[in-house]
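Down below is the structure, laid out as structure tokens.
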Number of protein chains: 4
Amino acid sequence: MSEPLQGDQLKSIVERIERLEEEKKTITDDIKEVYSEAKANGYDVKVLRKVISIRKRDLRERREEEAILDLYLQAVGESA
Amino acid sequence: MSEPLQGDQLKSIVERIERLEEEKKTITDDIKEVYSEAKANGYDVKVLRKVISIRKRDLRERREEEAILDLYLQAVGESA
Amino acid sequence: MSEPLQGDQLKSIVERIERLEEEKKTITDDIKEVYSEAKANGYDVKVLRKVISIRKRDLRERREEEAILDLYLQAVGESA
Amino acid sequence: MSEPLQGDQLKSIVERIERLEEEKKTITDDIKEVYSEAKANGYDVKVLRKVISIRKRDLRERREEEAILDLYLQAVGESA
DNA sequence: AAGGAGCCGTTGCGCC
DNA sequence: GGCGCAACGGCTCCTT
């Protein structure tokens, strides 16, 4: 009798994923909405996107530097 | 005195977007998590992804067909 | 009589692309080779890759900053 | 006095890799260029890509089959 | 309509 | 040999 249960499990997995993807889409749309509002208020969307992306990049870069520092430390025989 | 307000507005916009992007990332991670669990339960992730994508495609096609049907109905003088 | 010519043209396109992809693969293999040599000489490949990627990122970041500067200049009415 | 030499060696490695990656990028761009031209001549790029990928797949499969055949031949005592 | 940017899915690579 | 990660290519949407 495990078959039907497996079927249920699969169904559950698919539904969970689809539900999450819907939520994700909602957020994506929200983001677009914010850009739209910004544009309506006279902001240059292109610049705005650039600002966001650079801030994100900076954050990433900081993490990157930590990561390589860890690697160097390991390379000289220290635990991270 | 509108400058500082604009500054605040810009800051608010950036923060709203960054907050939304964080939420989006959380959901993306949740989705990965579900796939991981599925894999741990013996499901083939690649196939699973295919299933999801086909279902998405089907849904989209169904909506397109409805849209076309609506157009036809309107064309013959019926309200949608 | 344009049909055969078109066939030739298509053939030419496909061959050019396939040739270029072969060259690309050769280079990819060359890169792997360099990493292999480096490893044989005692270098930590993981660290090496990190170094390369950070240098690339830095270069990109510099260009990014120039790009946003240009955007700002445009935003205040100056030509880039 | 091996330190500076090692430094030079590392520098050389990094430069070789970066040089190769530039060449790789050039080729990637060339490929894009060919697709662009094809498009300008009325070809459907998406279909074209499909053609290329199928040919690549076929080539690969043929080689795999030869490899298997070789194994069989060896198994029965023949040299490849 | 064309080009570019961002997102997603696939493939290949290195590690365990 | 399997797993996870990172790079690459392809697709879609948006702007010009």
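Rounded to whole Å, the distance from CG on L71(A) to P on dC5(F) is 15 Å. Rounded to whole angstrom, the span from the OH atom of Y35(D) across to the C1' atom of dG3(E) amounts to 18 Å. Atom CD1 of I54(A) is separated from atom P of dG6(E) by 11 Å (rounded to the nearest Å). Rounding to whole angstrom units, CG of residue D29(D) and P of dG3(E) are separated by 15 Å. Between the CD1 atom of I52(C) and the P atom of dA6(F) there is a distance of 17 Å, rounded to whole Å. The distance from atom CD of E64(C) to atom C1' of dG4(E) is 14 Å, rounded to the nearest whole Å. Distance NZ (K25(B)) to C1' (dC7(E)): 14 Å, rounded to an integer number of Å. One interatomic measurement links the two molecules: CZ of R63(C) to C1' of dG4(E), which rounds to 17 Å at whole-angstrom precision.
Candidate nucleotides dT15(F), dC13(F), dG14(E) were compared by shortest atom distance to the side chain of K39(A), and dT15(F) ranks first.
Here R57(D) lies out of heavy-atom contact (under 4.0 Å) with every strand. Using a 4.0 Å heavy-atom criterion, one finds that K46(B) contacts the sugar-phosphate atoms exclusively. Here K50(D) lies out of heavy-atom contact (under 4.0 Å) with every strand.
With salt bridges taken as basic N to acidic carboxylate O contacts below 4.0 Å, one links D29(B) and K25(B).
Toward the 5' end of DNA chain F, the nearer of the two residues K56(C) and V45(A), judged by each one's closest nucleotide, is K56(C). For T28(D) and S36(B), each mapped to the nucleotide of DNA chain F holding its nearest heavy atom, the one lying further toward the 5' end belongs to S36(B).
Between R49(C) and dC13(E) there is no side-chain polar atom (N or O) within less than 4.0 angstrom of OP1 or OP2. Distances shown here put a side-chain N or O of K32(A) below 4.0 Å from the OP1 or OP2 atom of dC14(F). Considering only side-chain N and O atoms, K24(D) lies under 4.0 angstrom from the phosphate OP1 or OP2 of dC8(F).
E23(B) has its side chain within reach of L20(B): a pair of non-hydrogen atoms, C-beta onward, lies under 4.5 Å apart. A 4.5 Å side-chain heavy-atom check between E21(B) and I52(A) finds at least one atom pair inside the cut-off.
Judged purely by distance below 3.5 Å, without hydrogens or angles, the side chains of E37(B) and Y43(B) never pair a donor atom with an acceptor atom.
A donor-acceptor contact shorter than 3.5 Å links the side chain of T28(A) to the backbone of K24(A).
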